[in-house]
Structures are given as structure tokens and as C-alpha cells.
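Worksheet: the structure to be examined is printed underneath.
Along the sequence shown, residues are numbered consecutively beginning with 1.
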Amino acid sequence: MALIAVASAKGSPGATTASLLIGALWPRQVVVAECDPAGGDVAHRMPGPDGRPLDPQQGMLSLVAAGRKSLHAGLLAAHTQPIVGGLDVLCGVMVPEQAGALAQQWERLADLFARLPGTDVVADLGRIGAVTPQNVLLASASAIVLVVGTVPSEVVHLRERLRAVHEAHGGPVGAPIHVVVVAAPKRSRTVKEVREAIERSEVPVAGVHHLAHDPSGAAFFLGQVSGSPARTALVRSARPIVDELAAATAVFHVGAEEPAGDEPASGEVPA
């Protein structure tokens, strides 16, 4: 029941790929939940284990509809779907117009995701701003991961978003914030420069990590499911990041046999 919130700042795409990557490498039972009200694309980009398309009608909206009276952990399994590799995903809304159905549900979803017995949740928040509704999930997160590229304007946006997130959800009793910099495999100096820029903002972060910009590795998480992603620079660079996040959030994980509240309780990267 650790909740890992993955997001990006303005002009910095990559939250969905990072969320799927973290979920695929996660060492405990996990669900990746698409929580971007601008519209998810996992149902369009990733096939199921049998190669067939996912059902776009089964996911966040169907879960909320089924749980309109009581949104509890026992409902989740009926609304997730496995993708190739075996990772379970909760597909988000298809288009922004559908997000209205979630308007009053974000706090309930945050509470559900943070209290799942035996299962952690990686929540893909997409791009977050000052008033984006999915920000509610940051308050319940065990860890916050912000994804950024190396373009200077992206780093500037990240620094501003870092300040806002830290003030609202960080601090000594809030969730630790990790920054993941997507840069070419041999651009460690660039990552160092981003780290120094973040340090100048005086916002404390738990870590600044280097995730390899690797189109061949990312292709698998964009639906081009061929080859051996486990051997790509992307996956190799992600393993120590995921190991650190998993270790830091292990304290929040409650086994399925342990009570997690009053409500009923309810991947792997191919070699």
C-alpha cells in the first residue's frame, strides 16, 4: 500500500513511460494507475498478454461507477487489466471530457490507493500544475517522482513545481521527492548540472537520478513489444532507481493478510 506518485512539469513529458517502467521492475505486487485527467493512453499503446487490445471501458471510470456507494479495495481487481509482461494497470479516462466524472472522486481514489493491502500503486499523474485535480494524490503519496528532461526551460518549470509541491506536500513530515532526469546514457555531466540547478532552488529532494534516454528501450513501453527490453540502457538505468524507491517505501507496504482499515480487502520486464 505504498503510493508512488509520478508526474512531470510543464513541457516535460515522460510520466507514463516512467510509471510503466517502475511498475514493471517493482519488486512487490503493484498496480499502475493512470490518473491523468488530460487522457490516458495505456489502453491504446499497450496490448494484453495475448497480444489483444485492452478494453478502454474497463478502468478508472468503471471503478468509480462501481464504487459510487463504497469505493473499497475489493473492487480494484475487477477493473484492472494485465498488459504484456504481466503488469496490472488501471486505465484512465480516454479524453479530457470524461474527467468530469472524476471531479469529486480524487480524494476517495487517493485514500483507496494508499490503503490497498498487499498491493502498492504507481500513480501516473501526467503533467501537474498549480490546480490540476490529480494533485490530491500527492498528499497521500509515500514518495513523489518528478520526471524532467535536460532542456533548460523544462528544468526551470521543474524548479517552480518543486517549490510548490514541497510547500504543499513535502517538508519533514511529507513525502520525499525524487527527481528523475531523462538524459542520454553518457550525459552524466548534464544530469549533474540539473542537480546543481535544483540545489540552488534550496528545495530538499531525496535524490536526483539519471534515467537513460533510450528510444529502443522506451519503444517497448510505447507498445512496440518486441526485442529484449531488460537489456536496454533504459531498463538498466532504471533498476537502481526502482530499488531505491522500493526500499524507501517498504515501510508503507502491508501484506494482504494484515488489516488495512475497515473496508474489505481485495510485472515483470521480459528478458
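Shortest non-hydrogen contact noted between Leu116 and Ala73 is CD2-CB, 3.5 Å.
Within 6.0 Å of CD on Glu160 lie more than 12 heavy atoms contributed by other residues, nucleotides or ligands. Residue-environment remark: CD (Glu202) stays at or below the threshold of 12 foreign heavy atoms within 6.0 Å. Remark: His210 NE2 is packed, more than 12 non-hydrogen atoms of other residues, nucleotides or ligands lying under 6.0 Å away. Arg45 CZ: more than 12 foreign heavy atoms inside a 6.0 Å radius.
Between the side chain of Asp88 and the backbone N or O of Val30, no donor-acceptor pair lies under 3.5 Å. Counting only distance, with no hydrogens or angles, the side chain of Arg236 and the backbone of Arg231 share a donor-acceptor pair below 3.5 Å. Remark: side-chain polar atoms of Gln57 are not paired, donor with acceptor, to backbone N or O of Ser62 under 3.5 angstrom.
Atoms CD and CZ, from Gln134 and Arg127 in turn, are 12.0 Å apart once rounded to the nearest 0.5 Å. Separation of atoms CG (Leu112) and CG (Leu75) is listed at 8.0 Å; rounding is to 0.5 Å.
Of the residues listed (His44, Met60, Met46, Gln81), the one engaging Cys91 in a side chain to side chain contact (heavy atoms under 4.5 Å, CB included) is Gln81, and it is the only one. For the pairing with Ile198, the side chain to side chain contact (heavy atoms under 4.5 Å, CB included) check across Val148, Leu158, Leu146, Val203 returns one residue only, Leu158.
Counting only heavy atoms from C-beta outward, the side chains of Asp36 and Val93 never approach each other to under 4.5 Å. Residues Val89 and Leu20 meet the side-chain proximity criterion, which asks for heavy atoms closer than 4.5 Å. Between Lys192 and Arg195, some side-chain heavy-atom pair lies under the 4.5 Å cut-off.
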The test is side chain to side chain contact (heavy atoms under 4.5 Å, CB included); show your working for Val6 and Asp124 and say whether it passes.
CA-CA 5 Å; Val6 182; Asp124 169 18; 5.6 Å; no
